[in-house]
Amino acid sequence: MAKELSARDAERVKFTFSIYDFEGNGKVDAYYLGDCLRALNLNPTLALIEKLGGQEKKKVKMMTLDEFMPIFAQVKKDKDSGSFEDFMEVLRLYDKAENGTMMFAELEHILLSLGERLEKSELEPVLKECCQQEDEEGLIPYEPFLKKLCA
Amino acid sequence: MPGHVVKSTGPDPDPTEFLFISAEQRMLDQTKPYDPKKSCWVPDDKEGFAEGLIQEAKGDKLVSVQLKSGEVKDFKKDLVVQVNPPKYEKCEDVSNLTFLNDASVLYNLKSRYQAKLIYTYSGLFCIVINPYKRYPIYTNRTVKIYQGKRRNEVPPHLFAISDGAYMDMLQSQQNQSMLITGESGAGKTENTKKVLSYFANVGATTKKKEDEKKQNLEDQIVQTNPPLEAYGNAKTTRNDNSSRFGKFIRIHFAPNGKLSGADIEVYLLEKARVVSQAPAERGYHIFYQMMSDQVDYLKKLCHLSDDIYDYRYECQGKVTVPSIDDKEDMEFTHNAFTILNFTNEERDSCYKVTAAVMHHGNMKFKQRGREEQAEPDGTDAGDIVATIMGVESEELYRNFCKPKIKVGAEFVTQGRNVDQVYYSISAMAKGLFDRLFKWIVKKCNQTLETGMKRAMFIGVLDIAGFEIFDFNGFEQICINFCNEKLQQFFNHHMFVLEQEEYKAEGIDWVFVDFGMDLQACIELFEKKLGLLAILEEESMFPKATDKSFEEKLKANHLGKSPCFIKPKPPKAGQAEGHFAIVHYAGTVTYNLSGWLEKNKDPLNDTVVDQLKKSKMDLVVELFADHPGQSAPAEAKGGKKKKTGGFKTVSSGYREQLNSLMTTLHSTHPHFVRCIVPNETKSPGVVEAGLIMHQLTCNGVLEGIRICQKGFPNRMQYPDFKHRYKILAADVMATEKDDKKAAEMTFQKSGLDKELYRCGKTKVFFRAGVLGTMEELRDERLAKIITWMQSWIRGLIGRKEYGRLQEQRVSLVVLQRNI
């Protein structure tokens with residue numbers, strides 16, 4: 001499997017793996033599986049991470065680089081992970097005036113209550129960074145937000 | 001009248017929370033636990049229905065369901081019905097629900113009511129549940145929210161319906177009607193008043209200041225209420241201000257939409273209440289208002305004492321009502337007479353006749369010796385009656401005790417015993433009051449006839465809904481027949497509208513006129529030798545008895561009409577019945593005792609003759625249409641009597657009803673259904689059984705039944721595209737034609753073709769299909785949102801990674817430097 005990766009990718013994976021190898025014994029706690037993948041510019045869903053062996057608790061399972069490499073390859077290959085266009089389509093549903101804006105509170109609400117819910121504490125800094133200030137009616141343009149998200 | 005609203009001076013309070021669902025509430029509702037496959041409603045004795053989760057099917061007939069309590073119970077399969085997804089929570093129109101079952105309808109109404117949202121639509125109906133509390137939703141501020149808006153732009157409200165009617169009228173120049181029905185205490189009259197003031201408001205003529213002396217029409221229309229309520233409303237067990245009559249008020253407009261007049265028609269005032277009341281009830285308000293000393297000269301004028309208990313007819317139940325201030329209400333009544341252009345003399349005559357009714361109850365009689373002949377036992381009360389009514393007291397007593405009757409071509413006196421005299425005295429008191437009530441209405445109509453051009457009207461019908469009691473008599477059959485006709489009118493109207501829409505949209509669909517569902521029952525009443533014809537015939541036939549009436553009915557209809565059946569044996573508390581009728585709202589057992597007498601409603605003709613010659617104008621006028629005894633010669637010819645003016649109650653009612661139906665058929669109708677939520681007048685409390693019963697009786701469930709036969713949910717193509725675009729984003733993006741795009745989306749989803757139709761401008765769905773569409777959409781939506789969240793987690797992760805990396809680098813640098 002590892003050979004499907006380019007040499008450059010393999011090098012990146014190796015480096016990232018080493019960063020999460022806190023003990024320095026060539027193994028990474030499966031608790032950090034999601035973090036490793038994200039560090040490598042992937043955006044796996046929680047369901048996918050769990051399926052691939054990610055753990056919710058530390059010290060349950062350790063993995064080696066050889067185990068991690070094919071996992072990375074598989075996630076990278078998976079094209080069904082959403083796109084800027086998909087996100088635009090969804091947020092357009094909340095665009096009542098059809099002018100490219102939506103309620104900030106609604107954006108926050110859907111991310112906190114639907115799908116794989118985010119915690120308010122983790123979401124807040126991201127929205128702060130990626131969203132423009134809401135106007136008097138509580139509206140924000142959502143395209144810039146998605147652009148930043150997908151940059 | 002508890003209906004009075006004291007005008008406040010400050011700004012109107014904010015009605016928002018009583019109209020809109022708050023954002024917090026909406027979020028809460030959206031997160032309620034729901035499983036599209038397992039969530040279900042099952043019957044529950046207390047709550048009507050309880051929510052549960054389907055565990056498994058047990059064979060073909062049973063399903064085991066886990067209830068909220070954790071208990072698992074088995075239910076018959078057809079009793080387990082689907083729950084609507086959270087998106088439909090507190091839905092403004094129950095006909096938009098994707099699962100249209102009784103449980104969901106009740107749940108939706110209930111959860112809205114408990115969130116202080118008392119108005120909800122059900123297709124063509126506007127349902128309102130009595131809040132038993134004053135919500136600030138009838139203020140001018142609220143009027144502004146609704147004026148000129150379309151129904152779907154604003155939350156459900158009576159004003160939305162009213163404004164719709166007004167706009168429809170202006171646009172189409174077609175007469176409109178609003179049919180407000182419901183049980184006693186449901187709020188019909190209150191809602192009617194709000195409607196009237198809304199129309200008075202929007203159609204008000206602007207030049208108010210110019211002739212301030214002259215009363216303006218909008219005030220006069222609104223001011224018909226106090227006298228009508230004083231004379232036609234009373235406290236009942238259910239309702240402190242119960243209207244004991246039905247009414248149809250037409251508000252006329254000039255071609256420019258300004259008010260130009262009004263007229264009122266009243267139906268069947270409950271006369272028995274004038275002379276007797278149940279222990280927890282009270283007579284008509286006016287009697288107690290007149291005793292309140294609000295108008296200083298009144299008691300002297302009317303020879304009244306200071307104690308209501310001196311008047312036998314009006315003190316058999318309660319004499320005061322905590323929620324009613326009789327003194328203040330008398331002020332309203334008294335002033336309203338002036339605003340309505342009653343002269344002082346007319347007004348005072350009206351009070352005098354009212355008092356005469358009270359004095360009637362004090363006339364006493366005793367048996368003379370061993371003869372079956374009554375004679376006066378003191379003449380004080382009769383003297384007062386005679387004085388007030390402008391007749392001779394002695395003659396009055398004589399006419400009551402020994403009336404003249406016609407035998408062949410001659411008049412002879414007939415002796416009456418004490419019981420007979422008391423009976424005819426109470427009949428006279430009831431008759432007087434009833435005639436007085438009608439006279440007040442007539443006077444109001446004269447005032448509201450302005451001479452201005454009447455181009456079109458909006459009629460408001462405020463009438464008791466279907467009644468099923470433990471004992472159902474003459475009054476019930478009258479009101480139920482009326483409701484059967486009104487329901488047929490509704491079904492037919494709904495059918496016509498649906499048909500028009502399907503046709504216009506070019507949908508293939510075979511039609512059934514749902515109005516015909518009720519035809520058999522209506523024919524049973526109306527056809528030749530039908531129930532009403534037999535009742536009238538028997539009422540005219542001198543030797544007829546309850547027994548002969550019953551036999552004749554059964555001979556003609558039992559086994560011949562599917563709607564006329566034998567009564568079921570009575571349950572505990574129910575009275576024995578003679579026959580039962582299958583109405584759309586249920587089978588009702590009727591007891592026909594005394595119907596003939598009630599229908600004839602006889603007055604002592606000799607007394608009537610005397611009153612016709614009274615010195616008091618009003619009394620003469622009250623009996624002007626009564627033939628009396630000295631009827632003109634042409635009435636002699638036996639059967640011709642009917643044309644001589646003598647009418648039975650039922651035939652008069654039938655005429656009124658026919659004319660009402662003709663009027664309604666010429667209008668575009670709007671339907672308001674009022675509902676009593678509980679029997680204790682408690683705000684926010686919901687008795688499931690009580691509401692379900694009303695939803696059956698008032699046709700809401702009938703409407704939904706019809707709905708489900710067709711395509712109850714519909715959606716414009718642009719809306720469809722907007723909402724379901726994410727189901728087939730690629731198709732929608734490339735296909736410009738909305739209809740084709742929709743058709744392709746359906747193909748992609750693999751939905752059965754029977755479940756939807758693509759019309760010219762809209763997609764039509766069978767009941768429940770929208771739920772499937774929503775499920776598909778929700779799945780897709782959740783998927784994309786999950787991706788978006790994953791991207792956000794990615795962003796957070798990479799930030800964290802950057803930090804870790806920096807740490808690592810600085811660590812390396814640190815190590816190197818050591």
Side-chain angles (χ1 to χ4, degrees), chain A residues 15-16 18-22 32 34-49 80-93 95-96 98 103 105-107 109-119 122-123 125-127 129-130 138 145-146 148-151, chain B residues 22-34 86-87 153 718-733 774 777-812 815:
Chain A
F15 178 73
T16 305
S18 77
I19 296 281
Y20 283 92
D21 175 10
F22 295 115
Y32 293 110
D35 292 315
C36 286
L37 293 168
R38 290 180 190 123
L40 288 159
N41 274 331
L42 297 176
N43 300 301
T45 64
L46 297 182
L48 183 61
I49 295 169
D80 204 19
S81 70
S83 66
F84 174 76
E85 285 71 29
D86 284 329
F87 301 157
M88 277 301 281
E89 214 54 74
V90 163
L91 294 191
R92 251 181 225 135
L93 296 175
D95 182 354
K96 282 168 197 107
E98 291 181 41
M103 295 283 289
E106 202 151 26
L107 176 63
H109 173 67
I110 58 175
L111 294 171
L112 291 178
S113 62
L114 301 176
E116 293 177 350
R117 298 174 187 182
L118 288 160
E119 288 300 321
E122 49 180 348
L123 178 63
V126 178
L127 291 184
E129 193 186 313
C130 300
F145 161 69
L146 291 180
K148 279 204 172 144
L149 183 62
C150 302
Chain B
S22 68
E24 297 87 55
Q25 181 68 52
R26 191 171 289 279
M27 281 191 190
L28 207 69
D29 288 343
Q30 301 297 317
T31 49
K32 84 163 211 181
Y34 176 75
K87 144 175 148 59
E153 294 174 325
D719 295 339
F720 180 85
K721 190 174 169 182
H722 186 75
R723 190 154 186 90
Y724 298 111
K725 192 154 44 174
I726 59 167
L727 283 182
D730 45 344
V731 180
M732 293 284 202
E774 283 297 304
R777 180 179 178 272
D778 284 349
E779 271 169 32
R780 177 76 188 161
L781 198 63
K783 204 168 177 185
I784 300 180
I785 287 172
T786 301
W787 287 337
M788 205 192 291
Q789 286 157 331
S790 304
W791 282 60
I792 290 173
R793 288 198 168 91
L795 209 67
I796 299 168
R798 286 186 280 284
K799 266 226 159 107
E800 177 64 16
Y801 177 63
R803 225 168 40 78
L804 279 178
Q805 238 176 310
E806 248 169 58
Q807 260 179 24
R808 177 65 56 89
V809 172
S810 57
L811 199 67
V812 172
Q815 277 171 345

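Convention: sequence-line order gives letters A, B, ...; per-chain numbering from 1.
Remark: Glu119(A) CD to Ile796(B) CD1 distance equals 10.5 Å, nearest 0.5 Å. Of the inter-residue distances, the one linking Gln789(B) atom CD with Leu114(A) atom CG reads 7.5 Å to the nearest 0.5 angstrom. Atom CZ in Arg798(B) sits 5.0 Å away from atom CG in Asn41(A) (nearest 0.5 Å). For the atom pair OG of Ser113(A) and CD of Gln30(B), the computed distance is 8.0 Å after rounding to the nearest 0.5 Å. Note that CD of Glu89(A) is 4.5 Å distant from NZ of Lys725(B), once rounded to the nearest 0.5 Å. Between the CH2 atom in Trp791(B) and the OG1 atom in Thr45(A) there is a gap of 13.5 Å [rounded to 0.5 Å].
Per-residue heavy-atom pair counts under 4.5 Å with chain B were compared for Val126(A), Asp35(A), Asp86(A), Leu149(A), and the maximum is reached by Leu149(A). Heavy-atom pairs under 4.5 Å with chain B peak, among Ile49(A), Thr16(A), Leu48(A), Leu127(A), at Thr16(A). Options Leu40(A), Leu93(A), Leu37(A) differ in how many heavy-atom pairs under 4.5 Å they form with chain B, and the most are formed by Leu93(A). Comparing Thr31(B), Asp778(B), Ile792(B) by heavy-atom pairs within less than 4.5 Å of chain A, the highest count is held by Ile792(B). Of the residues considered (Ala47(A), Ala105(A), Gly115(A), Gly82(A)), Gly82(A) shows the highest number of contacts with chain B, using heavy-atom pairs under 4.5 Å.
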Please evaluate residues Arg780(B) and Val90(A) with respect to the criterion side-chain contact (heavy atoms from CB on, under 4.5 Å), reporting the C-alpha separation (whole Å), side-chain torsions for both, the decisive distance (0.1 Å), and the verdict. CA-CA 10 Å; Arg780(B) 177 76 188 161; Val90(A) 163; over 6 Å; no

Full working for side-chain contact (heavy atoms from CB on, under 4.5 Å) between Cys130(A) and Leu795(B): CA-CA 11 Å; Cys130(A) 300; Leu795(B) 209 67; 3.9 Å; yes

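Of all non-hydrogen atoms in Ser790(B) and Glu116(A), the two that sit nearest each other are OG-OE1, 4.3 Å.
Using a 30° and 60° split on the angle between ring planes, Tyr20(A) and Tyr801(B) fall in the parallel class, below 30°.
Using a 4.5 Å cut-off between heavy atoms, Arg793(B) contacts chain A through both its backbone and its side chain. Only the backbone of Arg723(B) comes within less than 4.5 Å of a heavy atom in chain A; its side chain stays farther off. Arg777(B) touches chain A through its side chain: at least one heavy atom from C-beta onward sits under 4.5 Å away, while N, CA, C and O do not.
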Hey, can you pull the donor-acceptor pairs under 3.5 Å for the side chains in residues 781-788 of chain B, sequence neighbours left out?
unit_1    : atom_1 : unit_2    : atom_2 : d
Thr786(B) : OG1    : Ala782(B) : O      : 2.6
Trp787(B) : NE1    : Asp80(A)  : O      : 3.3

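Among residues two or more places apart in sequence or in another chain, the salt bridge (charged side-chain N to carboxylate O under 4.0 Å, His left out) test is passed with Glu129(A) by Lys799(B).
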